[in-house]
Amino acid sequence: MSGTSGSVSAPAAPDREFEILCDDDGTGSGTAFLRRYTVDPAGATVPVDTELDGTTAYTPTGTVKRCTEPPTAPGPQLESTIQRQTGAGAVTIPAGARSVTVVVYAGSPTVALGGGAAVTLNAGTSLTWSVDQGAAGGESLADSFVFTGVAGGDLLVSSTREV
């Protein structure tokens with residue numbers, strides 16, 4: 001088999017990295033700009049600052065630092081409840097909770113959701129209903145929960161809701 005061998009050379013191209021930084025003017029609302037780092041073939045790092053368009057030159061006037069996301073509003077405050085029901089009696093969790101959990105230790109209590117038919121729960125049952133997101137425009141459980149204990153029964157009901 002015959003063939004040829006050889007080498008191909010390509011001119012060295014500079015390595016370029018980009019980063020969006022902020023020019024802090026002291027008010028906390030600095031100006032975002034683009035810093036391009038170029039490593040030339042000799043290994044020297046050369047920074048060049050431009051506006052975010054990547055072409056218009058920019059000269060920082062304040063302290064240069066990484067841009068941060070604007071502070072987010074604190075999460076909602078949650079109120080938690082827990083109630084143990086031994087024997088006959090009912091525990092009601094109104095609609096609008098973020099989570100509801102029941103653990104049945106003894107007996108066969110029932111649970112009714114949103115005024116619907118009651119369902120019997122056996123000892124050893126543990127159930128949780130919950131939503132993923134709350135806060136403004138968020139989610140909550142639309143149904144109320146009524147847990148009804150029976151003689152000799154023992155259950156624990158906990159819930160969370162936004163306040």
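Quick note: residue numbers are just sequence positions, from 1.
- V111 is listed as a side-chain neighbour of L121, based on a closest heavy-atom distance under 4.5 Å.
- Each of V103 and V146 belongs to its own hydrophobic cluster when Ile, Leu, Val, Met, Phe, Trp and Tyr are linked at side-chain heavy-atom distances under 4.5 angstrom.
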Worked check of side chain to side chain contact (heavy atoms under 4.5 Å, CB included) between D23 and T61: CA-CA 7 Å; D23 183 5; T61 58; 3.4 Å; yes

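- Contact of the V91 side chain with the F145 side chain is not registered, since no non-hydrogen atoms from C-beta on lie closer than 4.5 Å.
- No chain of hydrophobic side-chain contacts below 4.5 Å, direct or via other Ile, Leu, Val, Met, Phe, Trp or Tyr residues, connects L52 to V64.
- Ion pairing between a basic and an acidic side chain is recognised when a charged N comes within 4.0 Å of a carboxylate O; R36 and E17 show no such pairing.
- For the residue pair S99/S130, the side-chain donor-acceptor check at 3.5 Å is not satisfied.
- Between R66 and E19, at least one side-chain N (NZ, or NE/NH1/NH2) sits under 4.0 Å from a carboxylate O, which counts as a salt bridge.
- To the nearest 0.5 Å, atoms CG (L141) and CG (L113) are separated by 9.5 Å.
- Under the 4.5 Å side-chain heavy-atom criterion for grouping Ile, Leu, Val, Met, Phe, Trp and Tyr, L78 is not connected to V131 through any hydrophobic cluster.
- The minimum heavy-atom distance between P60 and R35, with the atom names listed, is CG-NH2, 4.4 Å.
- Summarising the local packing, CD1 of I20 is surrounded by 12 or fewer heavy atoms from other residues, nucleotides or ligands at distances under 6.0 Å.
- The two residues G152 and A106 make their nearest non-hydrogen contact at O-CB, 3.8 Å.
- Of the N and O atoms on the side chains of T81 and S159, at least one donor lies less than 3.5 Å from an acceptor on the other residue.
- Neither side chain, T125 nor N122, offers a donor N or O lying under 3.5 Å from an acceptor on the other.
- Across all their heavy atoms, L34 and G54 have their closest contact at CD2-CA, 3.9 Å.
- Cluster annotation: V163 is not connected to I93 through the hydrophobic network of ILVMFWY side chains, with a link wherever side-chain heavy atoms come within less than 4.5 Å.
- Closest heavy-atom contact between G114 and D143: N-CB, 3.8 Å.
- You'll find the side chain of T59 stays beyond 4.5 Å of the side chain of D49, heavy atoms only.
- In this structure the side chain of D154 never reaches within 4.5 angstrom of the side chain of Q85, judged on heavy atoms.
- For the pair L156/Q83, no side-chain contact is recorded, criterion being any heavy-atom separation below 4.5 Å from C-beta on.
- Note on ring orientation: taking the six-membered ring where Trp is involved, the planes of F33 and Y58 are parallel (angle under 30°, cut-offs 30° and 60°).
- Scanning both residues, V104 and P109, for their nearest heavy atoms gives CG1-CD, 3.6 Å.
- Inter-residue side-chain proximity for V100 and S158 is flagged as unmet; no heavy-atom pair is nearer than 4.5 Å.
- By the 4.5 Å heavy-atom criterion applied to side chains, F147 and L155 are counted as neighbours.
- R98 and E139 get closest at one heavy-atom pair: CD-O, 3.7 Å.
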Step-by-step side chain to side chain contact (heavy atoms under 4.5 Å, CB included) determination, Y37 to F18: CA-CA 6 Å; Y37 300 96; F18 298 89; over 6 Å; no

